Amino acid sequence: MSTNHFRGASRRSLLTAFGAAAIGLSFTACGEKPAPSEGGEEAKLNFYNWDTYIGETTLGDFKKASGVDVNMSLFATNDELFAKLKAGNPGFDVIVPSNEFVTRMAQAGMLEALDHAKVPNIKNIDPTFMNPDFDPGRKFSLPYTWLVLGIGYRKSKVKGVPDSWKYLFDSNQYAGKIALLSESADLVRLSAKYLGHSVNDIPADMLPKIEQMLIKQKPFVKAFHDDNGQDLLLSGEVDVVLEYNGDIAQAMKDDDDVDFVVPKEGSLINSDCLCIPKGAPRPNNAHKFINYLLDAQAGAEISKTILYPTPNAAAKALMPDDYKNNPVIFPPADIMSKCEYGAFEGAEKASLYEEIITRVRAA
């Protein structure tokens, strides 16, 4: 994905939903040295994850099941994750990059190939997630969640359903009450989608049109948010916001005047994935942990907390109907057919998108 997410579960804000102790940043008692686990590995594991993107008891439950202590530290963006590991792995065993960054890190030699034989719970994954373009055959990654971007809105403040990117990118109808995600690549790609193109392979001559359209729109935009758009909507600061479906699903639990739509032009799908970074000190424990996260019951406990769509079919089957049948969490097939994953198209293209949005924000 490109990048951010959670309120009560925004996969991307900072220790809001739970305190560090509840999240289980570490389950090692003071002064207690973990015993070695099988394979001669120390019975511990370093997990680098988005904030509040785990079940409330998942890490403690894993320790009870395996004897392995999990120390979880947090990153806020894929760029931060990439930068942290680019110079060498500082000791992480499992990381959670988004789809585009799975490709980028694999190409850069920053990921270990997974041993599927050590992850029997791979059988729980919905087959449609097992051979994505960003990681054919799931050589380096297994799916943790997926997400789709759309428009969160306050029903009492809009006319009808704002079911087009036009309302965010090319209209003054909600002037001063619009918030856009600050993720550069997402903004450029979704603008291209609005203009009738794929989110990938955007032609060079379309980029100036996108830039000019967004510069023209800039005076009507209240904020470029770091994935706390649901908070801006709940507080009444904005009426329409570019956000992830999981974040708005959470907001809808708190406020029945809030709703979500994937625009008719289609959108971007993101998927956050479980990977073992190159040089992981405890690869056996890493495989064991990934396998545990893909367990049906463990996966359901995670989904109940974070409310993001799960690619784990066995976990989804254990979830209540108000999750399984929620069209915000799982948009209808005709809508999803117009949505695409953003592909990693090289660092140069990523920088170009960043430069465009930097100019837009400075305008």
Side-chain angles (χ1 to χ4, degrees), residues 1-6 9-28 34 41-56 58-63 66 68-114 119 134-135 140-145 147 226-227 270-294 298 302 305-306 308 344:
M1 168 164 123
S2 278
T3 318
N4 277 355
H5 169 146
F6 235 110
S10 181
R11 120 174 168 201
R12 341 270 207 192
S13 60
L14 284 182
L15 287 175
T16 49
F18 319 116
I23 265 188
L25 291 182
S26 176
F27 279 88
T28 307
E41 291 182 358
E42 191 180 8
K44 65 180 279 192
L45 177 131
N46 290 328
F47 182 35
Y48 201 29
N49 191 18
W50 302 94
D51 184 34
T52 57
Y53 210 37
I54 192 77
E56 293 186 52
T58 305
L59 303 185
D61 293 344
F62 175 67
K63 183 177 181 187
S66 67
V68 174
D69 259 317
V70 179
N71 179 65
M72 185 169 82
S73 47
L74 309 173
F75 60 90
T77 69
N78 279 295
D79 290 324
E80 182 184 344
L81 166 67
F82 186 81
K84 187 90 165 183
L85 286 149
K86 194 169 188 310
N89 185 352
F92 295 116
D93 299 295
V94 177
I95 58 173
V96 193
S98 303
N99 44 284
E100 230 176 291
F101 277 77
V102 171
T103 310
R104 186 175 186 180
M105 296 178 86
Q107 287 180 0
M110 294 165 66
L111 299 177
E112 297 282 1
L114 296 175
V119 190
F134 63 84
D135 183 20
F140 296 104
S141 71
L142 286 169
Y144 185 53
T145 60
L147 327 78
D226 292 322
D227 201 23
N270 289 312
S271 178
D272 291 325
C273 299
L274 301 164
C275 299
I276 300 176
K278 185 69 78 177
R282 292 163 286 267
N284 285 331
N285 289 351
H287 279 91
K288 199 181 298 183
F289 184 57
I290 290 172
N291 188 58
Y292 181 79
L293 296 180
L294 297 179
I302 292 167
T305 303
I306 71 175
Y308 275 89
F344 175 61

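As the structure is a computational prediction, the values presented were derived from the model and not from experiment.
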Keeping the roles fixed (side chain from [X], backbone from [Y]), state whether a donor-acceptor pair exists under 3.5 Å.
{"X": "Ser271", "Y": "Asn99", "answer": "no"}
{"X": "Asn49", "Y": "Val96", "answer": "no"}
{"X": "Asn285", "Y": "Lys44", "answer": "yes"}
{"X": "Arg282", "Y": "Asp93", "answer": "no"}

Straight-line distance of [X] [atom1] to [Y] [atom2], nearest 0.5 Å:
{"X": "Asn270", "Y": "Phe134", "atom1": "CG", "atom2": "CZ", "result": "9.5 Å"}
{"X": "Gln107", "Y": "Phe140", "atom1": "CD", "atom2": "CZ", "result": "10.0 Å"}
{"X": "Asp51", "Y": "Phe75", "atom1": "CG", "atom2": "CZ", "result": "10.5 Å"}
{"X": "Thr58", "Y": "Ile306", "atom1": "OG1", "atom2": "CD1", "result": "9.0 Å"}
{"X": "Asn78", "Y": "Glu100", "atom1": "CG", "atom2": "CD", "result": "8.0 Å"}
{"X": "Leu294", "Y": "Phe289", "atom1": "CG", "atom2": "CZ", "result": "10.5 Å"}

Would you mind reporting whether [Y] and [X] have side-chain heavy atoms less than 4.5 Å apart?
{"X": "Ser98", "Y": "Trp50", "value": "yes"}
{"X": "Pro281", "Y": "Glu41", "value": "no"}
{"X": "Leu293", "Y": "Ile54", "value": "yes"}
{"X": "Val70", "Y": "Lys63", "value": "no"}
{"X": "Tyr144", "Y": "Ile302", "value": "yes"}
{"X": "Leu45", "Y": "Asp69", "value": "no"}
{"X": "Asp226", "Y": "Thr77", "value": "no"}
{"X": "Pro97", "Y": "Met105", "value": "yes"}

### Query
How would you list, by chain and number, every residue that makes a salt bridge (charged side-chain N to carboxylate O under 4.0 Å, His left out) with Lys278, sequence neighbours excluded?
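By the salt bridge (charged side-chain N to carboxylate O under 4.0 Å, His left out) rule, Lys278 matches Glu112.
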
Which residues pass the ring-ring contact (aromatic ring centres under 6.0 Å, His included) test with [X], sequence neighbours left out?
{"X": "Tyr292", "answer": "Phe62"}
{"X": "Phe92", "answer": "Tyr48"}
{"X": "Phe344", "answer": "none"}

### Query
For Asp135, which residues count as a side chain to side chain donor-acceptor pair (under 3.5 Å) partner, sequence neighbours excluded?
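With sequence neighbours excluded, Asp135 shows a side chain to side chain donor-acceptor pair (under 3.5 Å) to Ser141, given in chain and number order.
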
#### Entry: Donor + acceptor pair across side chains of Asp272, Tyr308 (<3.5 Å)
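There is no such pair (donor and acceptor under 3.5 Å, judged by atom type) between the side chains of Asp272 and Tyr308.
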
### Task
Carefully, step by step, assess Leu111 and Ile95 under the rule side-chain contact (heavy atoms from CB on, under 4.5 Å).
CA-CA 10 Å; Leu111 299 177; Ile95 58 173; 3.9 Å; yes

Quick check: closest heavy atoms across [X] and [Y], and the distance to 0.1 Å?
{"X": "Ala280", "Y": "Ile276", "answer": "CB-CG2, 3.5 Å"}
{"X": "Asn291", "Y": "Val119", "answer": "OD1-C, 3.3 Å"}
{"X": "Gly279", "Y": "Asn89", "answer": "C-ND2, 3.6 Å"}

### All side-chain contact (heavy atoms from CB on, under 4.5 Å) counterparts of Ala87, not counting sequence neighbours
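Expected list: none.
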
